[in-house]
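We number each residue from 1, following the sequence as shown. Note that the structure is a prediction, hence the values are computed from the model and not measured.
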Amino acid sequence: MGSQKEEVKLLSFVCSPVCRRVEWGLRLKGVDYEYIEEDIFNKSNLLLQLNPLHKKVPVLVHANKPIAESLVILEYVDETWNHQYPLLPQHPYERALTRFWIKFADEKVMYGGYVAMISSGDEQEKKVNEVREGMEKLEELIKGKRFFGGDKVGFLDIALGWITYLLPVWEEVGCMKILEAEKCPAISAWVNNILSHPVFKDCLPPKEELLAYNHRRRKHFNPALYN
C-alpha cells in the first residue's frame with residue numbers, strides 16, 4: 001500500500017455483479033485496496049457523501065477522490081495503473097468493439113436475465129428466449145478463443161464474468177434454463193476457463209448468500225410464487 005493519500009478503498013456489495021467487476025480488475029492489476037461492505041437497503045453516510053448523485057455502489061476512492069459506476073471505475077483503474085496488466089485492448093477500434101459488446105450484454109443478457117429471474121409464466125418465457133438469443137451472439141464472438149480477450153483475460157471477460165457464477169443462481173431461483181451447453185459450447189468452455197482462473201475463483205461471493213438475496217428479490221416482485 002502506498003502513502004495514505006494514495007490509498008485505494010472500494011465501497012461494494014457482496015451480491016452485486018457490477019461491484020465484482022471492480023474487484024477483479026483491481027486484483028488483475030495487483031492493486032491493494034480496502035474493501036468496505038455496504039448495506040444497500042440502509043445506505044451509509046459515507047456512501048451518500050461519496051456518491052450523492054446515484055447513491056449506489058460500487059464507489060472507488062483513490063487519493064481521496066471518489067469514482068462511481070463500475071465500467072468508469074475499470075477504465076480509471078486501467079489508465080491509472082497502466083503499466084500493470086492492461087485490461088482494454090490497445091487499438092482504438094478494438095476498444096470501441098469492447099464497449100459495444102459490454103453495452104449489448106448488459107442490456108440484453110444481464111438485465112434480461114434478471115427480469116426473467118423475477119418473472120413467471122409467459123413473461124418469463126419471453127425474457128428467457130430473448131436472453132438466449134443474446135447469449136448466442138456472445139457465443140459467436142468468443143468462438144475459437146479461450147477468453148474474450150484472446151489468450152488472456154481482458155476487459156470484456158471482467159464485464160461478462162458475472163455470467164459464470166450468477167447466471168446459474170438466477171436459473172435456480174427462477175426455475176429456468178438460459179445457458180444451454182449444446183447451443184453455446186464456447187461460452188460454456190469460457191465459463192470453466194474463468195472459474196479456474198486464480199483471480200476469479202478466489203474472488204467469488206458465497207453461493208448461499210446469492211441464493212438468499214435473489215430469492216428475496218424474486219419474492220419482492222412476485223410474492224404469489226412464495227405463498
Is the count of non-hydrogen atoms from other residues, nucleotides or ligands lying under 6.0 Å from N192 atom CG greater than 12? yes
Can you see which heavy atom on N222 is nearest to which on S119, and at what distance? ND2-C, 3.7 Å
Is there a donor-acceptor pair closer than 3.5 Å between any side-chain N or O of K219 and the backbone N or O of L225? no
Ring-plane angle category for Y114 and F221, please: parallel below 30°, perpendicular beyond 60°, tilted otherwise. perpendicular
Between E139 and I187, is there a donor-acceptor pair closer than 3.5 Å when you use the side chain of the first and the backbone of the second? yes
Under a 4.5 Å cut-off applied to non-hydrogen side-chain atoms, are Q90 and E94 in contact? no
Taking the side chain from R21 and the backbone from G161, do they hold a donor-acceptor pair closer than 3.5 Å? no
Salt bridge flag under 4.0 Å for residues R132 and E180: yes
Are the side chain of Q124 and the backbone of G174 linked by a donor-acceptor contact shorter than 3.5 Å? yes
Pairing of E123 and K126 as salt bridge, 4.0 angstrom limit: no
Are W24 and L167 co-members of a hydrophobic cluster defined by side-chain heavy atoms under 4.5 Å apart? yes
So, the side chain of E38 versus the backbone of K43: is there a donor-acceptor pair under 3.5 Å, distance only? no
Using only atom types and a distance under 3.5 Å, with no angle test, would you say the side chain of E37 pairs donor to acceptor with the backbone of V14? yes
Before giving the answer on side chain to side chain contact (heavy atoms under 4.5 Å, CB included), spell out for L46 and V59 the whole-Å C-alpha distance, their side-chain angles and the decisive distance to 0.1 Å. CA-CA 10 Å; L46 179 61; V59 177; over 6 Å; no
Is it the case that the side chain of Q84 and the backbone of K29 share a donor-acceptor pair, with hydrogens and angles ignored and the cut-off at 3.5 Å? yes
Check whether R217 reaches the backbone of A212 with its side chain - one donor and one acceptor, N or O, closer than 3.5 Å. no
Same cluster for L166 and I102 if Ile/Leu/Val/Met/Phe/Trp/Tyr side chains link at under 4.5 Å? yes
How long is the straight-line distance from OG1 of T80 back to CD of E75, given to the nearest 0.5 Å? 11.0 Å
When rounded to the nearest 0.5 angstrom, what is the spacing between NZ in K9 and NE2 in H62? 12.5 Å
Measuring only between side-chain heavy atoms, which start at C-beta, is I36 closer than 4.5 Å to V61? no
Report the relative orientation of the aromatic rings in H197 and F147; use parallel for angles under 30°, tilted for 30 to 60°, perpendicular for over 60°. perpendicular
Hey, any chance V169 and L204 share a hydrophobic cluster, counting ILVMFWY side chains that come within less than 4.5 Å of each other, even indirectly? yes
Separation of N129 CG from I178 CD1 (nearest 0.5 Å): 10.0 Å
Between K55 and P52 (side chain of the first, backbone of the second, donor and acceptor by atom type, cut-off under 3.5 Å), is there such a pair? yes
Considering only residues two or more places apart or on different chains, which pairs with a residue in residues 143-160 satisfy side-chain hydrogen bond (donor to acceptor under 3.5 Å, both in side chains)? E140-K143, R146-N193, D157-W190
With heavy-atom distances below 4.5 Å as the criterion, would you say the side chains of W162 and V18 are in contact? no
Could you tell me whether Y213 atom OH has more than 12 heavy atoms of other residues or ligands within 6.0 Å of it? yes
Decide whether V191 and V131 are clustered together by the hydrophobic rule: side chain heavy atoms of Ile, Leu, Val, Met, Phe, Trp, Tyr closer than 4.5 Å, transitively. yes
Which pair of heavy atoms, one from I194 and one from F200, lies closest together, and at what distance? O-CB, 3.3 Å
Between the CD atom in E23 and the CG atom in D202, the distance rounded to the nearest 0.5 Å is 12.0 Å
Return yes when atom OH of Y93 has more than 12 non-hydrogen atoms of other residues, nucleotides or ligands closer than 6.0 Å, and no otherwise. no
Passes side chain to side chain contact (heavy atoms under 4.5 Å, CB included), K201 versus S196? Steps please. CA-CA 6 Å; K201 74 177 182 180; S196 62; 5.5 Å; no
If you take all heavy atoms of R27 and C203, which pair is closest and at what distance? NE-SG, 3.5 Å
Kindly indicate, with the supporting measurements, whether the criterion side chain to side chain contact (heavy atoms under 4.5 Å, CB included) is fulfilled by L141 and F104. CA-CA 12 Å; L141 185 64; F104 171 84; over 6 Å; no
Working to the nearest 0.5 angstrom, can you tell me the gap between I118 CD1 and K127 NZ? 10.0 Å
Donor-acceptor pair, distance only, cut-off 3.5 Å: does the side chain of R218 make one with the backbone of V173? yes
Mind checking the NZ-OH spacing from K65 to Y76? Nearest 0.5 Å is all I need. 7.0 Å
Taking all heavy atoms of L10 and all of P58, pick out the closest pair and write down the distance. CD1-CB, 4.0 Å
Side-chain contact, heavy-atom cut-off 4.5 Å: M135 with K183? no
Does atom CG (N45) have a neighbourhood of more than 12 heavy atoms from anything else shown, all under 6.0 Å? no
Audit row: L138, W101, side chain to side chain contact (heavy atoms under 4.5 Å, CB included) steps and yes/no: CA-CA 8 Å; L138 297 178; W101 282 110; 4.0 Å; yes
Within-4.5 Å side-chain heavy-atom neighbours: T98 and P89: yes
Heavy-atom nearest pair, L74 first then G25, reads CD2-CA, 3.8 Å
Same apolar cluster: V153 and W81, side chain cutoff 4.5 Å: no
Where is the tightest heavy-atom contact between S188 and A181, given as atom of each residue plus distance? OG-CA, 3.4 Å
Pair listing, side-chain hydrogen bond (donor to acceptor under 3.5 Å, both in side chains) test, anchored in residues 163-172, at least two apart: W170-N214
